[in-house]
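Notes follow once the structure below has been shown.
Only heavy atoms go into these numbers, but all of them, side chains included; no hydrogens, no water, no symmetry mates.
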Amino acid sequence: MLYSADELMFSAGAVVFDDTKDKVLTIVCMDRDSGKELVMFPKGRIEKGEAPTIAACREVEEEAGVVCRIHTPEELMGLEVRYDNSSKKTKIVYWYAAALVKTSCQKLEAHEEFVARWLETSEAGSVLSFENDKKLLKTCVEKLDHTLANVK
């Protein structure tokens with residue numbers, strides 16, 4: 001399928017682990033329609049001229065108040081393609097695995113309605129709201145375990 005540029009929207013996000021990889025960063029918000037709590041990974045639009053890896057880290061800081069670094073910038077953990085009902089565009093999301101650098105004093109975007117929540121990595125799959133996020137978490141853990149094993 002061929003899309004014109006005005007039919008596409010590009011975003012980037014990160015699955016951020018603490019130093020021990022025992023905890024993973026999520027954001028929590030309320031679904032406007034159902035009022036249910038949604039637990040997901042931080043992501044957002046890529047700005048014009050911005051690299052996806054830079055956008056992913058910026059979005060993590062804006063939404064969760066956490067500074068991170070991408071583990072392996074050249075390795076995507078996932079590429080999500082879906083139709084976005086609100087914008088009426090096909091949304092492409094670049095996903096990366098990242099490490100915690102530090103927790104900021106505050107979120108950069110105060111208007112964001114997200115709350116940062118660190119979850120035990122082993123339990124996050126049962127808490128995440130979306131199947132794609134659960135699959136992404138599993139992929140990140142498997143790839144990072146393999147990468148770290150090869151470094152030793």
Side-chain angles (χ1 to χ4, degrees), residues 3-73 75-141 143-144:
Y3 295 95
S4 67
D6 61 342
E7 294 176 301
L8 298 173
M9 178 172 49
F10 295 93
S11 294
V15 179
V16 181
F17 295 93
D18 69 353
D19 295 340
T20 63
K21 216 174 74 152
D22 290 337
K23 293 193 181 217
V24 64
L25 177 69
T26 61
I27 55 171
V28 181
C29 67
M30 299 304 281
D31 183 288
R32 291 183 187 121
D33 297 327
S34 69
K36 281 180 58 177
E37 181 178 88
L38 298 176
V39 181
M40 65 192 88
F41 296 121
K43 68 176 177 304
R45 287 190 185 173
I46 298 172
E47 295 176 0
K48 187 174 182 169
E50 186 176 41
T53 52
I54 301 300
C57 291
R58 177 183 50 76
E59 287 294 338
V60 167
E61 189 169 4
E62 286 178 1
E63 294 181 353
V66 169
V67 177
C68 69
R69 68 168 174 75
I70 303 298
H71 274 289
T72 313
E75 183 176 16
L76 275 176
M77 292 292 138
L79 186 66
E80 181 181 352
V81 180
R82 64 181 170 81
Y83 185 74
D84 183 72
N85 288 322
S86 61
S87 68
K88 307 288 188 230
K89 293 183 178 191
T90 298
K91 185 175 191 174
I92 299 171
V93 184
Y94 296 85
W95 285 106
Y96 299 92
L100 169 68
V101 172
K102 69 177 182 176
T103 302
S104 298
C105 304
Q106 62 185 22
K107 298 187 297 185
L108 294 179
E109 298 288 330
H111 70 276
E112 298 279 11
E113 297 176 7
F114 303 114
V115 175
R117 183 181 296 165
W118 288 93
L119 300 175
E120 295 293 326
T121 303
S122 60
E123 298 172 7
S126 64
V127 178
L128 288 162
S129 299
F130 302 104
E131 289 303 315
N132 280 348
D133 286 352
K134 294 174 185 183
K135 185 177 177 182
L136 178 64
L137 175 63
K138 184 177 183 215
T139 298
C140 288
V141 168
K143 284 190 176 186
L144 289 177

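Distance check, rounded to the nearest 0.5 Å: CE of Met30 to CD of Glu113 gives 11.0 Å. Met40 CE to Glu37 CD: the interatomic distance, rounded to the nearest 0.5 Å, is 9.5 Å. Rounded to the nearest 0.5 Å, atoms SG (Cys68) and NZ (Lys102) are 12.5 Å apart. One finds the CD1 atom of Ile92 at 9.5 Å from the OG atom of Ser11 (value rounded to the nearest 0.5 Å). For the atom pair Lys91 NZ and Arg45 CZ, the distance stands at 7.5 Å (nearest 0.5 Å). Taking CD from Glu47 and CD from Glu50, the interatomic distance works out to 5.0 Å, rounded to the nearest 0.5 Å.
The two residues Ala56 and Tyr96 have their closest heavy-atom pair at CB-CD1, 4.1 Å. Nearest heavy-atom pair, Val93 versus Gly13, reported as atom, atom and distance to 0.1 Å: CG1-N, 4.4 Å. Of all heavy-atom pairs spanning Lys88 and Tyr83, the tightest one is CA-OH, 3.1 Å. Between Thr90 and Val81, the shortest heavy-atom contact is CG2-CG1, 3.8 Å. Residues Pro42 and Trp95 share a closest heavy-atom pair of O-CZ3, 3.6 Å. Glu7 and Ser4 get closest at one heavy-atom pair: OE1-N, 2.7 Å.
Between Phe17 and Leu137 there is a side-chain heavy-atom pair separated by less than 4.5 Å. Side-chain atoms of His71 and Met77, non-hydrogen and from C-beta on, never get closer than 4.5 Å to each other. In this structure, Lys89 and Leu8 have side chains that are not in contact, with every pair of non-hydrogen atoms separated by 4.5 Å or more. Residues Lys21 and Val141 form a side-chain contact, since some pair of their non-hydrogen atoms from C-beta on lies under 4.5 Å apart. Side-chain contact between Thr26 and Leu128: present, with at least one pair of heavy atoms (C-beta onward) separated by less than 4.5 Å. With contacts defined as side-chain heavy-atom distances shorter than 4.5 Å, the pair Val16/Trp118 qualifies. At a threshold of 4.5 Å between non-hydrogen side-chain atoms, the residues Tyr94 and Leu79 count as touching. For the pair Ser86 and Met9, the minimum side-chain heavy-atom distance is 4.5 Å or more.
A donor-acceptor pair under 3.5 Å is absent between the side-chain atoms of Thr103 and the main chain of Val66, judged by distance alone. Judged by distance alone, the side chain of Lys143 and the main-chain N or O of Cys140 form no donor-acceptor pair under 3.5 Å.
Using a 4.0 Å cut-off between charged nitrogen and carboxylate oxygen, Glu131 and Lys134 count as a salt-bridge pair. Contact check on Lys43 versus Glu80 returns no salt bridge, with no Lys/Arg side-chain nitrogen under 4.0 Å from an Asp/Glu carboxylate oxygen.
Checked against salt bridge (Lys or Arg N to Asp or Glu O under 4.0 Å), Asp18 has no partners two or more places apart in sequence or in another chain.
Around CZ of Arg82, the count of heavy atoms belonging to other residues, nucleotides or ligands within 6.0 Å exceeds 12.
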